[in-house]
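What follows is a short report on a single structure.
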Amino acid sequence: MAGILVLAALIFAFICSATEIATAHGSCTLLSHILSPNQVLFPSDESYAQVNDRWSLTAQLEPSCIVLPTSAQEVASVLKVLVSRSTMFAVKSKGHKPITGFNNINSGVTIDLSWINETSLAEDRSFVRLGSGAAWVDAYRKLNSQGVSFPGGRCSTTGVGGLTLGGGISFYSANVGFVADNVLNFEVVLASGKIINANRDHNSDLFMALKGGSSNFGIVTRFDVRAFEDYGRIFGGGVFSKATTDTTSQSLNGVYDFVKQNHKDEDAALATIFNYNATGKYILNSMVYTKPVAIPAIFKLKFPFLTSRMT
Ligand SMILES: Cc1cc2nc3c(=O)[nH]c(=O)nc-3n(C[C@H](O)[C@H](O)[C@H](O)COP(=O)(O)OP(=O)(O)OC[C@H]3O[C@@H](n4cnc5c(N)ncnc54)[C@H](O)[C@@H]3O)c2cc1C
Ligand SMILES: *[C@@H]1O[C@H](CO)[C@@H](O)[C@H](O)[C@H]1NC(C)=O
Ligand SMILES: *[C@@H]1O[C@H](CO)[C@@H](O)[C@H](O)[C@H]1NC(C)=O
């Protein structure tokens with residue numbers, strides 16, 4: 001009996017996935033008629049592999065096609081096709097989430113937002129508009145000359161969309177909280193294809209839900225993030241050390257003391273990373289001060305083996 005059930009389940013799973021593949025293929029063909037040919041990539045296309053590339057191999061799946069919309073209106077058109085045909089799909093901004101199935105899909109459609117990447121400063125300089133598919137480095141580079149700063153990713157290649165919808169820790173976190181705390185408005189495409197804004201006054205429940213809601217409530221195409229005058233330069237760098245019992249406990253004590261004092265000096269940010277490289281275990285202490293102060297006192301606390309090298 002158990003054997004028959006297992007067999008039935010296997011056949012069922014096979015039929016399901018065969019149906020999903022057929023549905024996805026049909027939707028891909030429809031989408032390629034709605035959008036320009038270079039906006040729908042099939043596995044046989046030359047650029048498919050490059051666009052499907054991910055920061056982590058764990059996220060590298062094989063979608064039936066990759067769709068590259070360039071506007072909220074195009075995202076809406078894509079969603080209408082996928083929803084009406086019950087096609088499985090994934091949403092990707094810069095694809096840095098390593099969890100399998102979060103930003104990619106097998107036998108379905110991947111909506112890749114990396115062509116929705118415009119960034120600009122509001123006329124009154126109080127916020128920046130960030131397209132979901134921009135990498136933080138591109139947003140920083142473009143707005144660097146404007147004399148403003150804004151909270152965003154600490155690693156240049158991560159994406160605006162995934163990081164902000166997941167909360168987002170920046171070098172300014174002690175000062176201004178999560179990146180999501182600084183969002184003033186989300187432009188969102190709902191499952192119905194309707195394009196709306198979510199902010200304090202309009203759709204305020206969705207506004208709250210999106211601050212940490214990831215992909216569960218709609219596809220966000222633009223984030224308006226609070227900006228502030230910057231101080232021209234910041235101080236920062238990373239110090240690597242071999243992970244020994246001594247350096248490990250020194251680093252952990254350093255983190256403890258840093259966190260205890262961070263509220264007194266909110267311009268400081270510390271990330272302590274334990275990792276492996278080709279020669280063994282190492283520790284990376286990445287320290288950033290968001291004002292132009294070299295080796296501020298807070299970093300001299302419990303990092304003797306580091307400060308000796310930070311002169
Ligand atoms: C090297 C590295 C450094 C990192 N550094 C930091 C850091 O300093 N601070 C920090 O907070 N995090 C950091 N992270 C974690 C990072 O924030 C997440 O991996 C985040 O998901 C990356 O954003 P992305 O746009 O590249 O993600 P993606 O993988 O594209 O998306 C992540 C998730 O969000 C969903 N999603 C993305 N965009 C949208 C959208 N517009 N609408 C709806 N759903 C969407 C996706 O479906 C997926 O489930 C780091 C990750 C890596 C790999
Ligand atoms: C940004 O978007 C444009 C189209 O809107 C695209 O041509 C360009 O390649 C995108 N940049 C990146 C880094 O993906
Ligand atoms: C690994 O990290 C250690 C400690 O910082 C460093 O000395 C070594 O050169 C690194 N090895 C490689 C291959 O990067």
Side-chain angles (χ1 to χ4, degrees), residues 36 38-39 47 50-51 53-56 58-60 68-72 74-75 79 89-105 110-119 130-139 141-142 151-173 177-181 183 186-191 198 206 209-210 212-223 238-244 247 269-271 273-286 288 305-306 309:
S36 314
N38 67 339
Q39 289 181 281
S47 50
Q50 189 213 328
V51 177
D53 196 40
R54 292 289 187 277
W55 177 79
S56 168
T58 49
Q60 215 147 294
L68 291 152
T70 57
S71 64
E74 284 186 356
V75 171
L79 265 185
F89 65 92
V91 180
K92 176 217 166 212
S93 279
K94 268 295 172 235
H96 269 57
K97 184 82 97 189
I99 304 169
T100 306
F102 269 53
N103 61 36
N104 213 346
I105 188 168
T110 295
I111 303 176
D112 187 322
L113 301 172
S114 47
W115 285 5
I116 300 182
N117 58 26
E118 261 193 34
T119 55
L130 305 175
S132 180
W136 289 104
V137 65
D138 297 325
R141 274 211 187 108
K142 171 121 185 264
R154 298 171 297 184
C155 182
S156 58
T157 50
T158 53
V160 166
L163 186 136
T164 308
L165 287 171
I169 299 172
S170 76
F171 293 128
Y172 295 98
S173 282
F178 289 115
V179 177
D181 293 328
V183 177
F186 299 91
E187 180 189 70
V188 196
V189 185
L190 302 179
L206 181 59
L210 286 171
S214 205
S215 59
N216 290 315
F217 298 98
I219 300 185
V220 179
T221 41
R222 199 190 72 231
F223 298 78
V239 182
F240 289 84
S241 17
K242 217 172 154 215
T244 64
T247 57
L270 169 71
I273 296 162
F274 294 84
N275 217 333
Y276 289 90
N277 67 9
T279 50
K281 277 191 274 188
Y282 70 91
I283 306 170
L284 165 61
N285 277 286
S286 158
V288 166
F305 62 100
L306 302 175
R309 291 158 65 177

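Atoms within each ligand, like the ligands themselves, are counted from 1 in listed order.
Shown here are the ring-ring contact (aromatic ring centres under 6.0 Å, His included) partners of Phe171, two or more places apart in sequence or in another chain: there are none. For Tyr282, the ring-ring contact (aromatic ring centres under 6.0 Å, His included) partners two or more places apart in sequence, or in a different chain, are Phe240.
Taking a heavy-atom cut-off of under 4.0 Å, ligand 1 is surrounded by Trp55, Val91, Lys92, Ser93, Lys94, Gly95, His96, Lys97, Phe102, Asn103, Leu113, Ser132, Arg154, Cys155, Thr158, Gly159, Gly161, Gly162, Leu163, Leu165, Gly168, Ile169, Ser214, Ser215, Gly218, Ile219, Val220.
A 4.5 Å side-chain heavy-atom check between Asn117 and Thr119 finds every atom pair outside the cut-off.
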Contacts table for ligand 3: protein N or O within a distance under 3.5 Å of ligand N or O, distances only.
| residue | atom | partner | partner atom | Å |
| --- | --- | --- | --- | --- |
| ligand 3 | 2 (O) | Asn277 | ND2 | 2.5 |
| ligand 3 | 11 (N) | Asn277 | ND2 | 2.9 |
| ligand 3 | 11 (N) | Thr279 | OG1 | 3.1 |
| ligand 3 | 14 (O) | Asn277 | ND2 | 3.3 |

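A side-chain donor-acceptor contact under 3.5 Å links Asp112 and Ser114. A donor-acceptor pair shorter than 3.5 Å cannot be found between the side chains of Ser214 and Asn216. Side chain to side chain, Gln50 and Ser47 fail the donor-acceptor criterion of an N or O pair below 3.5 Å.
With hydrogens and angles ignored, the 3.5 Å screen pairs no side-chain donor or acceptor of Ser286 with any backbone N or O of Gly238. In terms of modelled atom types and a separation under 3.5 Å, the side chain of Arg54 and the main chain of Asn103 share a donor-acceptor contact. Remark: the backbone N or O of Gln60 is not paired with any side-chain donor or acceptor of Asn104 at under 3.5 angstrom. In this structure, the side chain of Thr164 does not engage the main chain of Gly161 through any donor-acceptor pair within 3.5 Å. Side chain of Thr244 to backbone of Thr247: a donor-acceptor contact under 3.5 angstrom is found.
With ligand atoms numbered from 1 in the order given, ligand 2 contributes 1 (C), 2 (O), 3 (C), 8 (C), 10 (C), 11 (N), 12 (C), 14 (O) to contacts under 4.0 Å with heavy atoms of Asn117.
Any N or O atom pair closer than 3.5 Å counts here, and Asp138 shares no such pair with ligand 2. For Thr70, no nitrogen or oxygen atom sits less than 3.5 Å from a nitrogen or oxygen atom of ligand 2, counting backbone and side chain alike.
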